[in-house]
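Notes to accompany the following structure.
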Amino acid sequence: MTQNFLEMRNITKVYPNGVVANEGVDLICGKGEIHALMGENGAGKSTLMKILFGIEEATEGSITFKGEKLNLKSPLDAIDKGIGMVHQHFMLDEDLTVTDNIILGIEPKKGLAIDYEEARRMVIETSERYQLKVDPDALVMDLEVGRKQKVEILKALIRGAELLIMDEPTAVLTPQETEELFEQFKILRDEGHTIIFISHKLREISSICSRATIMRSGKGLGSYDLENVTIQELSRMMVGRDVVREIEKKAPTPGEKKLEVKDVTIVNDELVVAVDQMNLTLHEGEILGIAGVEGNGQRELVDCITGLATEYEGEILIDGTSLKKKDTVKQARNLGLFHIPEDRLTYGVMADGSITDNLISNRFNKPEFNKYGFMDYKKIHALADELIEEYEVKTDSKFTPMRMLSGGNMQKVVAAREMSEDIEVLVADQPTRGVDVGTASFIHDQLVSIRDGGAAILLISADINEVMEMSDRLIVMYDGKISGYFNDLSNLSE
């Protein structure tokens, strides 16, 4: 392995508002290395990688790649130099097909026109080669989150970058998909590619990476050979304290029925039966987990329960009241149902709205904040300050636009908004996806706390450890049906 394939030296980024995102950070990678970049949400990892990919310009510092000092002004400069990036938040045009998104900017031509047959062939060949199969003709808007991530990965791989920046690439993948991706990482590494792997999943980092650079509060804490440090030590360096990984919770005391799904059948947009005569009951004071590989009806079921979709057969009741299929999310919320969505950017936040706007968006019409059409901004700002502090959202102002936050801090804002109300039912769909170990621990504690306060929680997670540790009861979904039901999880601990 040739050392110093990439050298980022003394990288500092200060924004016009005075926020210091990076301060004197060094990152050194060798050729043919899978190198982890670690740190809490808001530690400055994404900013550092945006500088490497030409999205941002450093205030100070230098970048040397393959012995050449770079002056990157745009992502096109980075791509031209052999640097590719898979973004944590999708950079896709929802109205275009998979093929259109992947070949955008490198379109094969037949005369003056785009050769769509050749473009489609390129996409199929690349997707099969990297074991990231997608439908080349599908519209991106119709894809599940995991498949959208595959499209992002393919966009980088089809361009054959020598250095790949992977910003939380496994956050939306199933365990099986993650294993396939890691096999390809190894192939790329063995062929001489260098991969910078940003992740909060410490076991993944330990299994696939040789070295790690750790960041905290915008500063670099050094690089470490992973064979010489434990997961607990990595966690401590990231967060700055010991993080208790085991979830402590007392036995549940289930009460009245809060959510009932009766003989629900859902046909998806492809006219396929996604949920087939589903029945489940959720009681107050308990967490019911739904496990299973994504794509087995979980998304469609959640959409109907939360009011995002209304086309289904059967009946859904919240606290004994049936959801009318013609009604919307508002009816479900009025019945006390709250929702942490799987895709926070699409359904969870207003990206251009401020943190305060997002925190108040589900209660702005309540009398305590809105009297006779006049907003009580004193109370609104007090609530925002309280939730930002309680949920440890890293920001310099409650007026910061959501798009300026890291993914994990966005998730904290969504969790704060949805978990700070008077909850009858909480649907928590991948609540810790893409967040660091400290934030995940905090969200888990909050879920247990509101369960103990009497809320009924439906937890959907592709992380089998999370769903087993958090759940009081567990169902497994496969092909739109319940394929397994576990009332006592203690027998599954092994």
Distance-only check: which donor-acceptor pairs under 3.5 Å involve side-chain atoms of residues 329-340, not counting sequence neighbours?
residue : atom : partner : partner atom : Å
Gln331  : OE1  : Lys324  : N            : 3.4
Arg333  : NH1  : Glu418  : OE1          : 3.2
Arg333  : NH2  : Glu418  : OE1          : 3.0
Arg333  : NH2  : Glu418  : OE2          : 3.0
Asn334  : ND2  : Lys330  : O            : 3.3

Worked verdict on Asp93 versus Val140 for side-chain contact (heavy atoms from CB on, under 4.5 Å): CA-CA 7 Å; Asp93 189 320; Val140 167; over 6 Å; no

Heavy-atom closest pair (Ile55 atom, Pro75 atom, distance to 0.1 Å) is CG1-CG, 3.8 Å

Would you tabulate the side-chain donor-acceptor contacts of residues 400-413 under 3.5 Å, counting partners in other chains and residues two or more places apart, or write 'none'?
residue : atom : partner : partner atom : Å
Thr400  : OG1  : Thr395  : OG1          : 3.0
Thr400  : OG1  : Asp396  : OD1          : 3.3
Thr400  : OG1  : Ser397  : O            : 2.9
Arg403  : NE   : Asp352  : OD1          : 3.0
Ser406  : OG   : Gly42   : N            : 3.3
Ser406  : OG   : Asn409  : N            : 3.3
Ser406  : OG   : Asn409  : ND2          : 2.9
Asn409  : OD1  : Lys394  : N            : 2.8
Gln411  : OE1  : Arg344  : NH1          : 3.3
Gln411  : NE2  : Pro431  : O            : 2.7
Lys412  : NZ   : Glu392  : O            : 2.7

Exam field: side chain Gln149 to backbone Arg147, donor-acceptor pair closer than 3.5 Å
no

Using a 4.5 Å cut-off on heavy atoms from C-beta on, say whether the side chain of Thr126 contacts that of Arg129. no

What one should report as the nearest heavy-atom pair of Ile266 and Cys304 is CD1-SG, 3.5 Å

Separation between CD1 (Ile205) and OG (Ser199), nearest 0.5 Å, reads 4.5 Å

Residues pairing under side-chain hydrogen bond (donor to acceptor under 3.5 Å, both in side chains) where one sits in residues 309-319, two or more places apart or in two chains, turn out to be Lys258-Asp319, Glu315-Ser322

- Message: Taking Ser354's backbone N and O only, do any of them form a donor-acceptor pair with Asp357's side chain (distance below 3.5 Å, no angle check)?
- Response: yes

side-chain hydrogen bond (donor to acceptor under 3.5 Å, both in side chains) filter on Ser449, not counting sequence neighbours, yields none

Point to revise | Side chain Ser471, main chain Leu474, donor-acceptor under 3.5 Å | key: no

Does atom OH of Tyr347 have more than 12 heavy-atom neighbours from other groups under 6.0 Å away?
-> no

- request: With side-chain hydrogen bond (donor to acceptor under 3.5 Å, both in side chains) as the test, would you mind laying out the steps for Glu40 and Thr439 before giving the verdict?
  value: CA-CA 8 Å; Glu40 284 190 285; Thr439 302; 5.3 Å; no

In short, side-chain hydrogen bond (donor to acceptor under 3.5 Å, both in side chains) pairs touching residues 132-143 with sequence neighbours left out are Arg120-Asp137

Inset, instruction - Would you check if Met166 and Ile195 make a side-chain contact, meaning some heavy-atom pair closer than 4.5 Å? - result: yes

For residues 394-423, the ring-ring contact (aromatic ring centres under 6.0 Å, His included) pairs (sequence neighbours left out) are His381-Phe399

Hits for side-chain hydrogen bond (donor to acceptor under 3.5 Å, both in side chains) against Glu342, two or more places apart or cross-chain, chain-then-number order -> Arg433

* Does a side-chain heavy-atom distance below 4.5 Å link Met141 with Asp95? -> yes

Using a 4.5 Å cut-off on heavy atoms from C-beta on, say whether the side chain of Met470 contacts that of Val448. yes

Query raised in the report: Does a sphere of radius 6.0 Å around CD in Gln277 hold more than 12 heavy atoms from other residues, nucleotides or ligands, not counting ones at 6.0 Å or beyond?
Result: no

**Message:** Quick one, Lys110 and Glu118 - any side-chain contact, counting heavy atoms below 4.5 Å?
**Reply:** no

Counting only heavy atoms not in Glu389 (residues, nucleotides, ligands), do more than 12 fall under 6.0 Å from its CD? no

Exercise for the section: Keeping the roles fixed (side chain from Asn296, backbone from Asp479), state whether a donor-acceptor pair exists under 3.5 Å. Expected result: yes

Any salt bridge linking Glu421 with Arg363? Criterion: basic side-chain nitrogen under 4.0 Å from a carboxylate oxygen. yes

Please table the atom pairs, donor to acceptor, closer than 3.5 Å between any side-chain atom in residues 249-257 and protein atoms at least two apart or in another chain.
residue : atom : partner : partner atom : Å
Lys249  : NZ   : Asp472  : OD1          : 3.0

message: Could you walk me through whether Lys148 and Glu94 satisfy the side-chain contact (heavy atoms from CB on, under 4.5 Å) test, starting with their C-alpha distance in whole Å, then the side-chain angles of each, then the deciding distance to 0.1 Å, before giving a yes or no?
response: CA-CA 10 Å; Lys148 289 180 182 179; Glu94 296 274 326; 3.2 Å; yes

Find out whether Asp376 and Glu368 are in side-chain contact, i.e. whether some heavy atom of one side chain is under 4.5 Å from a heavy atom of the other.
no

Tell me yes or no: between the side chains of Thr281 and Glu260, is some donor less than 3.5 Å from an acceptor? no

Could you walk me through whether Ile290 and Leu459 pass side-chain contact (heavy atoms from CB on, under 4.5 Å), step by step?
-> CA-CA 6 Å; Ile290 298 182; Leu459 172 65; over 6 Å; no

Hits for side-chain hydrogen bond (donor to acceptor under 3.5 Å, both in side chains) against Asp167, two or more places apart or cross-chain, chain-then-number order -> Ser46

Note: Ile355 and Ile388 closest approach over all heavy atoms is CG2-CD1, 3.9 Å

Please report the C-alpha distance between Phe197 and Leu164 in whole Å, then the side-chain angles of each, then the deciding distance to 0.1 Å, and finally whether the side-chain contact (heavy atoms from CB on, under 4.5 Å) criterion is met.
CA-CA 8 Å; Phe197 179 42; Leu164 284 173; over 6 Å; no

Exercise for the section: Please tell me if the side chains of Met419 and Leu447 come closer than 4.5 Å, counting only heavy atoms from C-beta onward. Expected result: yes

- Count the heavy atoms of every other residue, nucleotide or ligand shown that sit under 6.0 Å from CZ of Phe374, and state whether that count exceeds 12. no

For the side chain of Ser235 and the backbone of Ile231, is there at least one donor-acceptor N/O pair under 3.5 Å apart?
no

By side-chain hydrogen bond (donor to acceptor under 3.5 Å, both in side chains), Lys398 pairs with (sequence neighbours left out) Asp385

Pair Lys481 + Asp276: basic N to acidic O under 4.0 Å
yes

Is Glu286 reaching over with its side chain to a backbone N or O of His283, donor-acceptor style, under 3.5 angstrom?
yes

Residue set satisfying side-chain contact (heavy atoms from CB on, under 4.5 Å) with His193, at least two apart, ordered chain then number -> Leu188, Glu191

In this structure, CG of Asp115 is separated from CZ of Arg121 (nearest 0.5 Å) by 9.5 Å

- Message: Under 3.5 Å, is there a donor on one side chain and an acceptor on the other for Glu466 and Thr432?
- Response: yes

Practice problem: With the side chain counted from C-beta on, respond yes when Ile165 and Val86 share a heavy-atom pair under 4.5 Å apart, and no when they do not. | Solution: no

Residues at least two apart in sequence or cross-chain that pass side-chain contact (heavy atoms from CB on, under 4.5 Å) with Met91, listed by chain then number, are His87, Glu152, Lys155

Exercise for review: For the residue pair Asn279 and Asp263, confirm or rule out a side-chain donor-acceptor distance under 3.5 Å.
Suggested key: yes

